Amino acid sequence: MEREVRVRFAPSPTGPLHIGGVRTALYNYLLARKLGGKMLLRIEDTDQNRFVPGAEQYIMDALRWCGIEIDEGIEQGGPHAPYRQSERKPMYRQYADQLIRDGHAYYAFDTPEDLDAMRARLTAAKVPNPQYNSITRAQMRNSLTLPAEEVTQLLENGTPYVIRLKVPRKEEIRFNDLIRGWVVVHSSSIDDKVLMKSDGMPTYHLANIVDDHLMEITHVIRGEEWLPSAPLHVLLYRYLGWESTMPQFAHLPLLLKPDGTGKLSKRDGDKLGFPVFPLEFHGKDAETGEPTVSSGYRESGYLPEAFINFLAFLGWNPGTQQELFTMDELIENFSIERVSKSPARFDQNKVRWYNEQYLRAKPDAELAQYLTEELNQQGITVPADQAEQIAALVKERATFPADLAKEAQLFFQRPASYDEQVISKKWNPQVSAALTEFAAQLPAAADTSAEGIKALLTQVLEAQGLKIGQVLQALRVAVTGHAAGPDLMHIMRILGPQETAERIQAAVAALPA
RNA sequence: GGUCCGUUCGUCUAGGGGUUAGGACAGUAGAUUUUCAUUCUACCAACAGGGGUUCGAUUCCCCUACGGACUACCA
């Protein structure tokens, strides 16, 4: 019988999640949903020195905003709880002991100074790749070189030690990556990685293998930065006797900075000119301890659907011409084979474009609701039907919801000034007189639709011997103050005959003919 | 330095032994519009280089170059 598909997103709570992490979570989620499996969230907090308060909550909030649903995790629990590695601490030791018992791991008592000295010695000797490995361990203080009694003595004395994996000297390690195909690495290029730290916590390498095994993970989808240590993980599965149920690996291409000079990192903060975080993050400067704020996509006005659609396409595509995908469509169409191998750069223009598409696709009523709330905050009240008309008129001009409110201002504020360029070119006694007449007739207009207003205007202008092109810009400036904006007839319709007339009269009074 | 991974328009990418190398974003031009924007149309624009294999390579193989990741008692 086929195993149930189980994937995990396993971030370390050392800060907010950046968009690369979100994409990794997304691909995990898409695969899980596509294959009818489960999505787990596991917090990898085995490094107690790098704990950042709030990071864990941030991660969960960010995933929720993105629409990435977790089936098992610290909030929702599950059959393999706890889902926080620090709380699983007692579970790891036995596996390290098992490895020692089977001769695949050993105790090492070297101090940090010992290690520095070793690396300095090897570097001085021009060894191409200084590392703690099958050669150098013979010169170090560990349970392989020390007499058994001394090892026992050291352990009993409480001497600090770590447990290291005994990586074989000559062995080819290979695995079949779902994205990259066969990857082959020689064991001589891997060092004797620390499995258990001297504080009793496992390192990532041990913890992730033990947890993935215990949690019955079937696919490990993670960033390419893990590729070099994947062979080590394969070795661990083998030595622990779990190779037959080892998950399949898929190493995702990295997300690069826009200039392509390296991978995106959370330390980029706002330096790149666009947010790297889904949600705004309030943190502290690592050195000065000063409070810092990094902007987020949510706060910048991005819709989660647009953000996710864009992110999904950074490294994956469906092979069709379709660009717009809902989460359900992404799930339907996703496949790991179509993830590309090469890294992708971030394209600000394209996220904006996606946002515009999703914003315009929203029902006017929904946009109106947003608009109403925003205007209310500014102390402006607006009738529901009017808010909807404004939203419909203005949304083609908006990238972000906030643009709606900006564009709507003209309906609630009479012009404080008039566009000078248009006035100097288009405003003259004839125009002024015609507009005065138009304003006089407007309040009594029978038809106040956009078409009706236009008909009335045309009629008045004809009587004055003017063409519409000669006055329209002037009229726009008289009504709104600006040279550009949405359709003028619709603006006047929404404003209503009375308000429009008064605005025109005010302009005529203010502007010397 | 060592190990590993990668390389199609400016960007995201499709394609794949014989194609006018396709799409999207951006850019440019035109049309529409009373304006800006929208919309529509068109244009611009790519297989890193060198060797093989082959009747034929952008596609398969090798090398080079370039880029990136990793190289901690961090994940």
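Predicted, not measured: the structure shown is a model, and the values here were computed from it. Residue numbering restarts at 1 for every chain, and letters A, B, ... go by the order of the sequence lines.
When both pairing distances are held under 3.5 Å, B/U53 makes no Watson-Crick or G-U pair with any nucleotide shown. Under the Watson-Crick and G-U wobble criteria, each requiring two contacts below 3.5 Å, nucleotide B/U35 is left unpaired. The partner of B/A14, taking Watson-Crick or G-U wobble pairs whose two distances both stay under 3.5 Å, does not exist in any strand shown. Pairing partner, B/C40: B/G30, with both Watson-Crick or wobble hydrogen-bond distances short of 3.5 Å. Applying the Watson-Crick and G-U wobble criteria (two distances, each under 3.5 Å), B/C66 pairs with B/G6. When Watson-Crick and G-U wobble pairs are counted only if both distances are under 3.5 Å, B/U20 pairs with no nucleotide at all. The partner of B/U71, taking Watson-Crick or G-U wobble pairs whose two distances both stay under 3.5 Å, is B/G1.
Listed nucleotides B/G23, B/U34, B/U11 differ in distance to A/M489; the shortest reach to its side chain belongs to B/U34. Among the nucleotides B/A26, B/C70, B/G23, the one closest to the side chain of A/K263 is B/C70. When each of B/C73, B/C74, B/U11 is scored by its nearest atom to the side-chain atoms of A/V162, the top-ranked nucleotide is B/C73. The side chain of A/L254 lies closest to B/A69, out of B/U34, B/A69, B/C25. With B/A26, B/U34, B/A14 as the choices, the nucleotide that has an atom nearest any side-chain atom of A/N349 turns out to be B/A26.
Per the geometry, CZ belonging to A/F438 stands 13 Å off C1' belonging to B/U34, to the nearest Å. With rounding to whole Å, A/I190 atom CD1 is found 16 Å from B/C70 atom P. For A/N309 and B/U13, the CG to P distance is 14 Å, given to the nearest whole Å. The interatomic distance linking A/D192 (CG) with B/U71 (C1') rounds to 14 Å, in whole Å. Between the C1' atom of B/C73 and the CZ atom of A/R141 lies a distance of 16 Å, rounded to the nearest Å. The distance between atom CZ of A/R164 and atom C1' of B/C73, rounded to the nearest whole Å, is 8 Å.
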A/W226 vs A/Y204, ring pair (Phe, Tyr, Trp, His ring centres under 6.0 Å): CA-CA, chis, key distance, verdict
CA-CA 11 Å; A/W226 292 110; A/Y204 168 83; 4.1 Å; yes

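Take A/F9 and apply the ring-ring contact (aromatic ring centres under 6.0 Å, His included) test, not counting sequence neighbours, and it matches no residue.
Considering A/Y297, A/Y302, A/Y354 as possible partners of A/F307, the one that fulfils the ring-ring contact (aromatic ring centres under 6.0 Å, His included) test is A/Y297.
Evaluation of atom-type donor-acceptor distances gives a pair under 3.5 Å for the side chain of A/K350 against the base of B/A24.
Of the possible polar contacts, none joining the A/S134 side chain to the A/P168 backbone as a donor-acceptor pair under 3.5 Å is found. Judged by distance alone, with hydrogens and angles left aside, the side-chain atoms of A/S143 form no donor-acceptor pair with the main-chain N or O of A/Y106 at under 3.5 Å.
When each of A/D191 and A/G260 is assigned the nucleotide of RNA chain B bearing its nearest heavy atom, the one mapping closer to the 5' terminus is A/G260. Nearest-nucleotide mapping onto RNA chain B: of A/L256 and A/G469, the residue sitting toward the 5' end is A/G469.
Look at A/T46 and you'll find a side-chain N or O under 4.0 angstrom from OP1 or OP2 of B/A75. Distances shown here put a side-chain N or O of A/S340 below 4.0 Å from the OP1 or OP2 atom of B/U13.
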Taking protein heavy atoms under 4.0 Å as touching, what does nucleotides 35-45 of chain B look like 5' to 3' if B marks base contact, S marks sugar-phosphate-only contact and - marks none?
BBBSS------

Give the B/S/- string for nucleotides 3-9 of chain B, one per nucleotide from 5' to 3', where a protein heavy atom under 4.0 Å of the base yields B, of only the sugar-phosphate yields S, and otherwise -.
SSBSS--

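Ring centroids of A/Y27 and A/F334 are separated by less than 6.0 Å, placing the two rings close together. For A/F325 and A/F313, the ring centers sit closer than 6.0 Å to each other.
Only the C1' atoms considered, B/C5 is 28 Å distant from B/A45, to the nearest whole Å. Spacing between B/U58 and B/A21 at atom C1', rounded to whole Å, works out to 8 Å.
With hydrogens and angles left out, the side-chain atoms of A/E44 and A/N208 include no donor and acceptor closer than 3.5 Å. In summary, the side chains of A/R222 and A/H251 do present a donor paired with an acceptor at a separation below 3.5 Å, with no hydrogens or angles considered. A donor and an acceptor atom, one from each side chain of A/D97 and A/Y92, are nowhere located under 3.5 Å apart.
Using a 4.0 Å heavy-atom distance criterion, A/F313 is classed as a sugar-phosphate-only contact. Across all strands, A/D347 comes closer than 4.0 Å to base atoms (heavy-atom distances).
Cation-pi geometry between A/R164 and A/Y132 is met: the NZ or CZ atom falls under 6.0 Å from the ring centre, inside 45° of the normal.
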